[in-house]
Participant: 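What follows is a single structure, and I will ask about it in a moment.
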Amino acid sequence: MTALDVGLPSGAVRVTTAWEEPAAASRAVVALAHGAGAGMGHPFLVGFAAGLRSEGFATLRFAFPYREAGRRMPGPAPHAIATWAAVAAEVARRAPDMPFVAAGKSYGGRMASMAAAEGSIDPAALVYLGYPFHAPGKPDRPRGDHLSRVAAPQLFVEGDADPFIQPIADFEASVAASPHAEIVWIPGGGHSFEVKGQRRPPDEVGAALAPTVAQWLRTRV
């Protein structure tokens, strides 16, 4: 574990990061952001990162400032965007010749998309694991208007039973309006890719998504 400085309006803060490399040469570096109510050490994210490394990708997990401060509720979006900018700079410092991929579970992925849309980061691709298109039961308040301003290829990995994207048609229309965007559906999957009737530890659930994401990345970066 290492620390990374993030510049916020109130001053610099330090967040924890975990840089891990595959056994063989890396194809790219995938930075992984956690969901709103979880942290960088959540088993799902740890399992997904391990799965990516087995596919030949280096990973950088990191914490947002609110989690570093011990809070469960996310801080202002500009704080998360500033964190993503610091992470992108750290990847460029550590691996200047490697493609940089921004990925995240739910909230973490949405913050990456906002950072890319406003130009705070310039990733080679973005991967969203359960994009929170709207709060459950509030489809009239979508969170996808900025997605069409993301120039890089985008992969949405989504459970078709996820309440954050119902009705699916509205979500699909928003993705279709975005350049170079695709959806991979997990049949029966919920927001954390849990499938009714199946009992799997979250680290296994995360690891199982890695081959699909890795295959897509190999054709994009």
Side-chain angles (χ1 to χ4, degrees), residues 1-20 30-50 59-88 90 102-118 120-121 126-144 146 156-159 161-166 171 186 189-195 199-207 209:
M1 298 289 184
T2 58
L4 176 66
D5 289 328
V6 177
L8 301 180
S10 57
V13 299
R14 307 200 93 186
V15 298
T16 303
T17 67
W19 177 280
E20 297 168 287
V30 183
L32 298 170
H34 57 76
M40 61 175 280
H42 191 280
F44 172 89
L45 206 64
V46 172
F48 179 68
T59 60
L60 176 62
R61 289 178 293 119
F62 65 94
F64 286 115
Y66 76 94
R67 290 296 299 187
E68 198 72 38
R71 297 190 298 271
R72 290 190 59 82
M73 295 301 294
H79 289 194
I81 291 172
T83 306
W84 264 113
V87 166
E90 177 68 2
K105 175 69 179 78
S106 191
Y107 166 84
R110 184 166 73 93
M111 293 299 103
S113 70
M114 292 174 66
E118 70 170 41
S120 293
I121 62 174
L126 295 101
V127 176
Y128 313 116
L129 306 173
Y131 189 90
F133 187 59
H134 58 71
K138 297 181 179 179
D140 56 325
R141 300 179 185 178
R143 302 162 173 164
H146 65 285
F156 296 78
V157 183
E158 304 292 338
D162 184 352
F164 284 76
I165 59 169
Q166 307 297 332
F171 170 69
I186 306 301
H191 190 57
S192 295
F193 304 100
E194 71 284 2
V195 177
R199 290 183 176 272
R200 292 190 298 166
D203 60 329
E204 291 185 9
V205 174
L209 299 177

Participant: Applying side-chain contact (heavy atoms from CB on, under 4.5 Å), run through Leu209 and Phe44 and close with a yes or a no.
Facilitator: CA-CA 10 Å; Leu209 299 177; Phe44 172 89; 3.8 Å; yes
Participant: One pair to check against side-chain contact (heavy atoms from CB on, under 4.5 Å): Glu194 and Arg199. What are the steps and the verdict?
Facilitator: CA-CA 8 Å; Glu194 71 284 2; Arg199 290 183 176 272; over 6 Å; no
Participant: When you compare the side chain of His191 with that of Lys105, does any pair of heavy atoms fall below 4.5 Å?
Facilitator: yes
Participant: With rounding to the nearest 0.5 Å, note down the distance linking CG in Leu4 to CZ in Phe62.
Facilitator: 9.0 Å
Participant: Between atom OG1 of Thr59 and atom CG of Leu45, what is the distance when rounded to the nearest 0.5 Å?
Facilitator: 9.0 Å
Participant: Apply the test side-chain contact (heavy atoms from CB on, under 4.5 Å) to residues Val46 and Asp203: give CA-CA distance (whole Å), side-chain angles for both, the deciding distance (0.1 Å), then the verdict.
Facilitator: CA-CA 6 Å; Val46 172; Asp203 60 329; 5.9 Å; no
Participant: Can you give me the closest heavy-atom contact between Ala18 and Met1, atom names plus distance?
Facilitator: CB-SD, 3.7 Å
Participant: Kindly indicate whether the side chain of Thr16, heavy atoms from C-beta on, has any atom under 4.5 Å from the side chain of Glu68.
Facilitator: yes
Participant: Are side-chain heavy atoms of Val205 and Ser192 found at a separation under 4.5 Å?
Facilitator: no
Participant: At their closest point, which heavy atom of Gly108 faces which heavy atom of Trp84, and how far apart are they?
Facilitator: O-NE1, 3.3 Å
Participant: For a quick test of reading the model, state the closest non-hydrogen atom pair linking Pro202 to His42 and the distance between them.
Facilitator: CB-CE1, 4.1 Å
Participant: Please examine the side chains of Pro136 and Phe164, heavy atoms only from C-beta on, and report whether any two atoms are closer than 4.5 Å.
Facilitator: yes
Participant: Quick check: closest heavy atoms across Pro65 and Thr83, and the distance to 0.1 Å?
Facilitator: CD-OG1, 3.1 Å
Participant: Can you name the salt bridge (Lys or Arg N to Asp or Glu O under 4.0 Å) partners of Arg61, sequence neighbours left out?
Facilitator: Glu20
Participant: Would you indicate whether the side-chain heavy atoms of Glu90 and Thr17 approach each other to under 4.5 Å?
Facilitator: no
Participant: Below 6.0 angstrom between ring centroids: does that apply to His79 and Phe64?
Facilitator: no
Participant: Roughly how far apart are Met40 CE and His34 NE2, rounded to 0.5 Å?
Facilitator: 8.5 Å
Participant: Identify the two heavy atoms, one from Pro139 and one from Pro142, that lie closest to each other, and give their separation to 0.1 Å.
Facilitator: O-CD, 3.7 Å
Participant: Would you find a donor on one side and an acceptor on the other, under 3.5 Å apart, between the side chain of Arg67 and the backbone of Ala38?
Facilitator: yes
Participant: Flag the pair Leu126 / Tyr128 as yes when at least one side-chain heavy-atom distance between them is below 4.5 Å, and no otherwise.
Facilitator: yes
Participant: Which pair of non-hydrogen atoms, one from Asp162 and one from Gly130, has the smallest distance, and what is that distance?
Facilitator: OD2-CA, 4.3 Å
Participant: Below 4.5 Å, heavy atoms only, C-beta onward: do Glu158 and Phe171 meet side chain to side chain?
Facilitator: yes
Participant: Quick check: do Leu129 and Phe193 have side-chain heavy atoms less than 4.5 Å from each other?
Facilitator: yes
